[in-house]
Amino acid sequence: MCAAVLDEYCGSVFWNASYLNREDPDLPVCVEQTVLVWIPLGFLWLCAPWHLMPLCRRTQVGTKHLSKLYLCKQLVVSLLLLTAIAALAVTLGEDYGPDNDAPSTSKHPAVNYVNPVLYAVSWILLLLCQEGVRRRQGAVDSATLFLFWFLLILCDIFPFQTLLREALGKVRERTCNHHISTATFSQPAVNIIHFRFYPQNPEAGAPFLSRITFNWFNSMVMKGYKLPLVQEDMWELSEADSTAHINQCFQHFMQPELAAARRRLQNKMRKNPDKNRDKAQDVEKKKKKDKKEEEQNYPNSWLITTIYKTFKGVLIESAIFKLLQDLLAFVSPQLLKLMVSFTQDKSRHTWEGYLYAVLLFSVAILQSLFLQQYFQRCFVLGMKVRTAIMAAVYKKALLVSNDTRKESTVGETVNLMSADAQRFNDVTNFIHLLWSCPLQIILSIAFLWLELGPSVLAGLAVMVLMVPVNGLLATKARKIQIENMKYKDKRLKIINEILNGIKILKLYAWEPSFQTQVESIRGQELKVMKTFAYLTSVSTFIFSCAPALVSLATFAVFVGVSSENVLTAEKAFTSISLFNILRFPLAMLPMLIAAIVQTTVSRKRLEKFLGGDDLENDLVQHDPSFKCVCFVDLTLDIKPGRLVAVVGAVGSGKSSLISALLGEMHSSKGLINIQGSLAFVPQQAWIQNATLRDNILFGSLHEERRLQEVIQACALAPDLELLAAGDLTEIGEKGINLSGGQKQRVSLARAVYSQADIYLLDDPLSAVDSHVGKHLFDKVIGPNGLLRYKTRILVTHSVSFLPYVDEIVVLKDGVVSEVGTYKSLQTSRGAFSEVLNLYAGEQNNRSHSEEDTQPDSPLEDTISVTLKRESSLRRSQRNGRLRKNSSLRKAKDDGESKKGQRLIEKETMETGRVKFSVYLQYLRAMGWGYSVMVFVVYFIQNIAFIGQNLWLSDWTNDAVDFQNMTYPTSKRDTRVGVFGALGVAQGNVTVLIVKFTNASVDASRIMHSELLNNILRVPMLFFDTTPIGRVVNRFAKDIFTIDEAIPQSFRSWIMCLLGVLGTLFVICLATPFFTIIIIPLALIYYFVQRFYIATSRQLRRLDSVSRSPIYSHFGETVSGLSVIRAYNHQERFLKHNEITIDENLKNVYPWIVSNRWLAIRLEFLGNLVVFFAALFAVVSRNSLNSGLVGLSISYALNVTQTLNWLVRMTSELETNIVAVERVSEYTKLENEAKWITDTRLPKNWPEEGRLQFEDYKVRYRPGLDLVLHGITCDIGSTEKIGIVGRTGAGKSSLTNSLFRIVEAAEGRILLDNIDISTIGLHDLRNNLTIIPQDPVLFSGTLRMNLDPFDKFTDEDLWRVLELSHLKDYVAGLQEKLEHEVTEGGENLSVGQRQLLCLARALLRKSRILILDEATAAVDLETDNLIQNTISKEFSHCTVLTIAHRLHSIMDNSRIMVLDAGKIVEFDTPSNLLEKKGHFYAMAKDAGITRENLTGEYNLEKFASI
């Protein structure tokens, strides 16, 4: 009925099958005039409303978008409109014109009137649509209009072909309608190919075709190929990809979700209080309860919903692409089936074969496009999820309460940002497989059932059986992996501490003890790794056997069930293709589930941290009705503008009081009220890795006059003169290139510059010399200082400043014991007056000299003294470290004019291709025998695989040979047997990979040992100029890569390479014509992968380098949290974090796109392989059997994926092998002298402890200036020498020389007449003792911190603890000597740490003791006890004291005054004071004179002992 209406409408037959049943097929005219016209026009009409919407809005449209391209498009459409009107006019003219004498029956059919009208309306609609696109914000072109033109071309192929035939004389009656078709063909040239017009940011202005093929990325790839990419080459992120935008969206959904989770938690707690109480009574139940509570006592189950709500748009888009790709995947096997049946039936027309070849190619192209769009969205989604989590964790870290903060270490919190966020990123990439895998499995089984019937259940049974086996292996592997991570964390923790305390290790010669610790943990880690690798080998064996076993079971059952079931090529290769599709979801599903389980752990950790309590905002009130800083309950009120000193013994709660004022403590009751802004100077100065100026300004506006005033007041001017770039000098991590005193003064300068109302000063004067302390008090803190009109709360141990404060608060055991002025407390005879009496002498004789003082403080780090010579150091380092063949672009160095501005070099990043020698180095570490064997093993496996498929191809020919005959059972059994044997052979070969496992573990062991061994032996200078993070990165990321990633990518690379070669071999075997295509394809492939690898490798390197600052900044923020909060700078740090993450995203995003850029090109190449394999099969079908055709095409269908993987693996291997290069770089660093030499020392050396310096000169590096200029002196046995001097005088250099931290340039040091440069470093350092200024402890037991080599008995340890006044404290601990010290000794006060260092020194019993102002951090009472202990216990020793407080060395035998690396004075204190030289000036500043000296100090004290 319908056909009859259409026949009448067209005036010709609508459908006639005979048109197709011939060698040159065609379509009836009616189909061309109806269906082929309606399809594109219908699509346009459906999409038009979307494009017309902008026209309905009243928006101002400028003419700036009237581009030439737009005008060109509109012109072409207008011409087409005219063509349509002309066509209608011609038809009307022919039917009703004046020349028309024909009878009415010969008039044109209705279609000739309707089509021009349809076209005319459509072109008008298109003109409007193109204007709509122009008006849409940010639109370049339209995907739907592109698809409309594409459909139009496709549908016009047949009418166009008809026109060609007419032209060639094969005339069939046509009307002028086809001129429309001809005109239509011209338009796409304008509409489709216009992706050359790029705006600045290529993606933003990329047209549709460029977007789907990632052509807009070409410029980056070209740039990356010509020159190694640098950070400056990266494009700006779009608004939607920026951290600020992602974080804002995430926080918008997170807050309500988290609030709802908190409410759920409260309701649960309210419901079950009794249950919990009952449970607590039973011990066993209590354990379970604790476990359960741990899971439930924080708001949970809100993170996933937040992520879903934030990113649901991208999730839905990617799901649609994935669904389309999955459905298309099942079209190829059906087309393969048609292709095989076509080659079997020689009577069919050739055009059918060509059609199938084109369809195979088209389906493959569509599949590639959908898949890459899906991947692009998923990977960008993963990146965004990671960014959102990182930003949320950082924001939370700034707000988190101290209780929550204490639950996790800095390392664990950084882990949330790195490991846990990354885990979410990885899972998000493949989250759609959760529904896609089951869908693929169901569809595969359905299609297989259609092919083979119930026999498919046999293969399915094998697969199902493998799922639990895989699951079991995965569970076991996960347990092993958790154990492995535990050892990894443990090892990294120790390495981190070694690097943080490397100077102490060198001074005490403790490296071997810590090396043994690390090696023992590494041994356990490698043992676990080996077990894991064996497990992986079993898993690989099962995985490689699986496809062979599944196809074997299916085919064996199929041919075994009935003798009528013959395996034809159609059935076999369609089934093989379906099994290949089935392999992926079956392999991925268990892996995905395992990954999700791991991510659940991360989810819980993140929910616990992000759901933790914030700092109580209402703890500190800002009520203007109170006119003072006041506490309720501790009852203390401080009037504005007053200077209040807080004093008390170690552990009395002074720092806690300051924390309470900052709102950092948990308040059980009472309130604090503060009126005005705060500035805070912590006890241990927090210095940022930034310039000195930035550290002082701390986000405030730069005012030069105010800055100079602050620098002068804080005694920083002389230090700036020494620094090559002045206040623009870069300060290293944790202020590594500043001395303790300088750090403290920078910290104070920051507070003064901030111009706050209230100043909280937590013992800022302890780390500076006495005369510097006086200067700071006079010029900054005291009654005449810069802060005289501000409210100041000063925690101090120094009695000398107390007479000048307005009020003194005395704390005892966390309680205020006394409050009052200095005089009133002195007369009250309380705890305060007792302390005063001890130090009466110091106080009464305080000189009020107003002379200008010169600041002085020791430089504890060797590099600091040579900062003025930093430029040459920098140059030599740069020349030594940069790869010679690299073509690094020279960035403009703003600091070049200011030499010495940068202390820490930008991390050297290798550029260009990785040297082949690096690969050889890895293979050498594995062992050559193993390396060759692995390749041979994989080669044999591949031959077995090809053999199996060729056997299958031959098997299918039996269907032709035994047609209409009974299939012999013996023949069937042989076929099945050989097929199975070849399958099992593939699996058995992989068992030999266990050998490869052992080899890769050996390589890991060797490389880690070499790295550790060398790092412990490099000179101290290396650690002063290299951030710890950089070295840790070698032990963490790079060793992890060598352990796990390189063996994996090495294996995959070999498998992929052999897979591709095997595929090409099989296709060439089937269709020899294919060899012609191989060379051009190989050339294209080679160029694509070289372009990609150059860019991708450099993007990976940039990603690694730009990732470090995120974690460094985070670690820095967490350690300086109280300072950031005190100054209320949270917003500024959040902003900085966003910028840092954005810098990293600028590298991650192009890397994601580069993978898609590559994949789309390689898949196109793979699709060409499919197309040519099919095409040549059609061309030579008469000489081919159908089995080989099936084999050839089914192989070709697989090659796309393998090609893609080969390039990815080549790139990954090259990226990963960089780890070997980086580790190797650090194993070749120059070492210090040997630890132990052949020179054996006399027993009990040094017996006397006599020191002689003979014309001793030192420089820190060849080519730099001397820092000690010919020191000559003789220090007798048991002499007590004080060493003083201004900043940079060479005090620390002298200590460093004695321990050979730096080696002599000229001259020598004799210790008991033995030249110290002739003996081993450890022989020397084991016989010297130092109590350093910074007390460094390591995590482990107290015993380990005192005696890492287990040399001493418990009695010895208790004796030294008693002498260092720690016995009572340690005895009160539950585990006594086994008490665990946390990272950096955080669970002990600074004073207690210092006392432990004293105990260490007492234990060593060496004849030489160096004190580097060991009592700066303790209160006066403890200081007195320490001094007494030292004078008594070290009476038989030679003691050198580097003094900050001159009072502590006035009873020494002699005092050495250093200036500019020379000894300027060296005599007894009384003689030096008489001389009125350098020392006299310093003593006068410190309030010491000759007159009062005799009354206070017994100069003969040591001599008389």
Side-chain angles (χ1 to χ4, degrees), residues 409-412 414-415 418-419 422 484-506 510-529 733-734 881 904 907-910 918 921-922 925 1000-1018 1020 1022-1047 1101 1104-1105 1107-1112 1115 1216-1229 1231 1338-1340 1383-1384:
T409 63
V410 176
E412 282 171 348
V414 172
N415 239 349
S418 53
Q422 187 60 43
N484 190 16
M485 287 309 289
K486 199 173 73 189
Y487 288 128
K488 231 183 240 339
D489 288 348
K490 211 169 167 187
R491 174 172 61 86
L492 282 177
K493 189 177 171 191
I494 292 186
I495 281 168
N496 212 357
E497 291 197 61
I498 287 175
L499 296 173
N500 274 310
I502 189 74
K503 189 160 185 188
I504 295 297
L505 292 192
K506 286 189 181 298
W510 278 0
E511 298 103 324
S513 162
F514 281 81
Q515 187 171 355
T516 311
Q517 279 186 56
V518 175
E519 291 287 13
S520 112
I521 294 169
R522 179 70 177 159
Q524 292 170 305
E525 189 186 340
L526 289 173
K527 204 172 166 187
V528 171
M529 240 171 68
E733 268 185 284
K734 299 177 184 168
R881 297 268 294 281
I904 289 177
E907 185 163 2
T908 53
M909 186 180 71
E910 302 297 350
V918 179
Q921 190 182 349
Y922 182 73
S1000 57
V1001 169
D1002 284 347
S1004 287
R1005 177 183 286 112
I1006 291 165
M1007 291 191 147
H1008 183 272
S1009 291
E1010 284 177 357
L1011 177 64
L1012 178 66
N1013 206 30
N1014 205 57
I1015 282 294
L1016 290 174
R1017 284 170 170 77
V1018 293
M1020 196 60 217
F1022 168 79
F1023 296 101
D1024 290 336
T1025 54
T1026 310
I1028 288 170
R1030 209 175 284 176
V1031 186
V1032 170
N1033 219 353
R1034 299 294 193 281
F1035 281 100
K1037 181 99 171 21
D1038 294 324
I1039 289 292
F1040 171 79
T1041 306
I1042 292 169
D1043 286 352
E1044 297 186 21
I1046 292 180
R1101 284 170 174 165
S1104 302
V1105 171
R1107 208 172 269 220
S1108 307
I1110 299 176
Y1111 308 136
S1112 300
N1216 289 336
I1217 211 84
V1218 169
V1220 174
E1221 190 176 43
R1222 282 162 59 89
V1223 167
S1224 153
E1225 180 197 350
Y1226 274 22
T1227 57
K1228 290 172 187 157
L1229 293 171
N1231 286 357
F1338 301 94
S1339 63
E1383 215 175 328

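Below, each value reflects all heavy atoms present in this structure, side chains not excepted, and no hydrogens, waters or symmetry copies. Note that the structure is predicted; figures quoted are calculated from it, not measured.
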Visitor: Once rounded to the nearest 0.5 Å, what's the spacing between atom CZ of R1005 and atom CG of D1043?
Guide: 10.5 Å

Visitor: For a side-chain contact (heavy atoms from CB on, under 4.5 Å) check, start with the C-alpha distance between W510 and L1016, then their side-chain angles and the critical distance, and finish with the verdict.
Guide: CA-CA 10 Å; W510 278 0; L1016 290 174; over 6 Å; no

Visitor: Apply salt bridge (charged side-chain N to carboxylate O under 4.0 Å, His left out) to R1017 and E511, showing your working.
Guide: CA-CA 9 Å; R1017 284 170 170 77; E511 298 103 324; over 6 Å; no

Visitor: Are the side chains of S1000 and Y922 in touch, meaning some heavy atoms are under 4.5 Å apart?
Guide: yes

Visitor: Between E525 and R522, is there a salt bridge with N-O shorter than 4.0 Å?
Guide: yes

Visitor: Taking the side chain as everything from C-beta on, heavy atoms only, tell me whether R491 gets closer than 4.5 Å to I1039.
Guide: yes

Visitor: Given side chains that start at C-beta, do those of E1010 and I1006 come closer than 4.5 Å, heavy atoms only?
Guide: yes

Visitor: S1224 pairs by side-chain hydrogen bond (donor to acceptor under 3.5 Å, both in side chains) with which of R1222, K1228, E1221?
Guide: K1228

Visitor: Using modelled atom types only, decide if a donor and an acceptor are shared between the side chain of R1034 and the backbone of E1225 within a distance under 3.5 Å.
Guide: no

Visitor: Measure the spacing between NZ of K503 and CG of L505 and express it to the nearest 0.5 Å.
Guide: 12.5 Å

Visitor: On a heavy-atom basis, which atom in I1217 and which in V918 lie closest, and how many Å separate them?
Guide: O-CG1, 3.7 Å

Visitor: For the residue pair P512 and T516, what are the closest heavy atoms and their distance?
Guide: O-OG1, 2.7 Å

Visitor: Determine whether K486 and D489 satisfy the following criterion, salt bridge (charged side-chain N to carboxylate O under 4.0 Å, His left out), listing intermediate values before the conclusion.
Guide: CA-CA 5 Å; K486 199 173 73 189; D489 288 348; over 6 Å; no

Visitor: Do V1218 and D1038 have side chains that approach each other closer than 4.5 Å (heavy atoms only, starting at C-beta)?
Guide: no

Visitor: Indicate whether any N or O donor in one side chain lies under 3.5 Å from an N or O acceptor in the other, for T1227 and N1014.
Guide: no

Visitor: Could you walk me through whether I502 and K506 pass side-chain contact (heavy atoms from CB on, under 4.5 Å), step by step?
Guide: CA-CA 6 Å; I502 189 74; K506 286 189 181 298; 4.0 Å; yes

Visitor: I need the R1107 CZ to K1037 NZ distance, nearest 0.5 Å.
Guide: 7.5 Å

Visitor: Test your reading of the model: is there a side-chain donor-acceptor pair from N496 to the backbone of L492, 3.5 Å cut-off?
Guide: no

Visitor: Flag the pair F1338 / I498 as yes when at least one side-chain heavy-atom distance between them is below 4.5 Å, and no otherwise.
Guide: no

Visitor: For the residue pair I1015 and F1023, establish whether any side-chain heavy-atom pair is separated by less than 4.5 Å.
Guide: yes

Visitor: Do V518 and F1035 touch side chain to side chain, with heavy atoms closer than 4.5 Å?
Guide: no

Visitor: Minimum heavy-atom separation for I1042 to P1047, with atom names?
Guide: O-CD, 3.4 Å

Visitor: Answer with yes or no after comparing the ring centroid distance for F1022 and Y1226 against a 6.0 Å cut-off, counting only values under it.
Guide: yes

Visitor: What is the distance from atom CD of E1044 to atom CG of N1216, rounded to the nearest 0.5 Å?
Guide: 11.5 Å

